[in-house]
Amino acid sequence: AAVAELQPFLEVTRSALRRSLDVNFGAVLHVSQIVARQMIAQGLPGAIVNVSSQASKRALRDHAVYCSTKSALDMLSKVMAMELGPHKIRVNTVNPTVVMTDMGRINWSDPQKSAAMINRIPLGKFAEVDDVVNSILFLLSDKSAMTTGSSLMIDGGFLVS
């Protein structure tokens with residue numbers, strides 16, 4: 001779950017900040033605590049993958065709160081990786097670009113709106129749900145057994161442009 005209440009920096013409201021912090025950061029922190037405590041209690045090694053965003057790595061106009069909460073989530077995941085590593089629990093994030101979910105299609109179907117973003121993505125398209133799911137499955141699998149505290153960009157090259 002995530003919320004993106006887009007407001008210019010000078011117009012950010014307390015309610016938008018609180019809601020975004022609660023959903024984009026607080027919910028992940030609390031659910032991860034529940035999951036990690038159960039894994040530790042049962043002596044289970046494993047992995048946790050948090051869903052962040054490319055917006056955690058690049059400033060976007062009117063996204064002050066969203067970018068900040070996703071950056072906080074990236075750092076939370078690094079701290080979790082450090083503290084849960086001794087329990088054999090790996091923690092990583094996936095950081096997708098716009099994903100063509102139902103909401104993504106509604107918000108980004110207008111070619112005039114999407115053109116500026118797509119033109120900055122070297123692969124020339126937004127992510128599909130399977131692109132994100134497959135990356136999460138990789139990070140949950142033993143094929144990434146030495147990967148923890150990392151952010152996997154699923155952005156079609158957005159951050160290199």
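The basis for the numbers below is simple: all heavy atoms, side chains too, and nothing from hydrogens, waters or symmetry mates.
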Do the non-hydrogen side-chain atoms of [X] and [Y] ever get within less than 4.5 Å of each other?
X	Y	result
M153	K57	yes
I121	D155	no
V49	V94	yes
L159	R58	yes

Greater than 12 external heavy atoms within 6.0 Å of M117's CE: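 Result for CE/M117: enclosed.
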
Quick check on D102: does its CG atom have over 12 non-hydrogen neighbours (other residues, nucleotides or ligands) under 6.0 Å away?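 Incorrect, the count does not exceed 12.
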
Which atom pair, heavy atoms only, marks the closest approach of [X] to [Y]?
X	Y	answer
A36	I48	CB-CD1, 4.4 Å
N24	A2	OD1-CA, 3.1 Å
V99	P96	CG2-CB, 3.7 Å
G156	P122	O-CD, 3.2 Å
S20	V65	CB-CG1, 3.3 Å

Among the clusters formed by ILVMFWY side chains lying less than 4.5 Å apart, do [X] and [Y] turn up in the same one?
X	Y	answer
V129	F126	no
F25	V31	yes
L137	I154	yes
V12	L21	yes
M75	V28	no

Please answer whether the main-chain N or O of [Y] pairs with a side-chain N or O of [X] as donor and acceptor at a distance below 3.5 Å.
X	Y	result
H87	G85	no
S144	F138	yes
K70	V51	yes
Q7	T13	yes
K113	W108	no
T69	Y66	yes

For the [atom1] atom of [X] and the [atom2] atom of [Y], what is their distance to the nearest 0.5 Å?
X	Y	atom1	atom2	result
I136	D131	CD1	CG	11.0 Å
M82	S77	CE	OG	12.0 Å
S71	L76	OG	CG	12.5 Å
Q54	R120	CD	CZ	8.5 Å
L29	I34	CG	CD1	10.0 Å
F9	C67	CZ	SG	13.0 Å

Partner residues of N95 under the side chain to side chain donor-acceptor pair (under 3.5 Å) criterion, sequence neighbours left out: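 Side chain to side chain donor-acceptor pair (under 3.5 Å) check on N95 returns S52, S56, D74, T93.
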
Against L152, only a single residue in V132, T147, L139, N92 fulfils side-chain contact (heavy atoms from CB on, under 4.5 Å); can you say which?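 By the side-chain contact (heavy atoms from CB on, under 4.5 Å) criterion, L152 pairs with just one of V132, T147, L139, N92: L139.
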
List the atom pairs, donor and acceptor, that lie under 3.5 Å between side-chain atoms in residues 38-47 and the rest of the protein, sequence neighbours left out.
residue, atom, partner, partner atom, Å
Q38, OE1, Q42, NE2, 3.2

List in chain and number order the residues that pass side-chain contact (heavy atoms from CB on, under 4.5 Å) with D142, two or more places apart in sequence or in another chain; answer none if no residue qualifies.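 For D142, no residue satisfies side-chain contact (heavy atoms from CB on, under 4.5 Å) once neighbours in sequence are set aside.
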
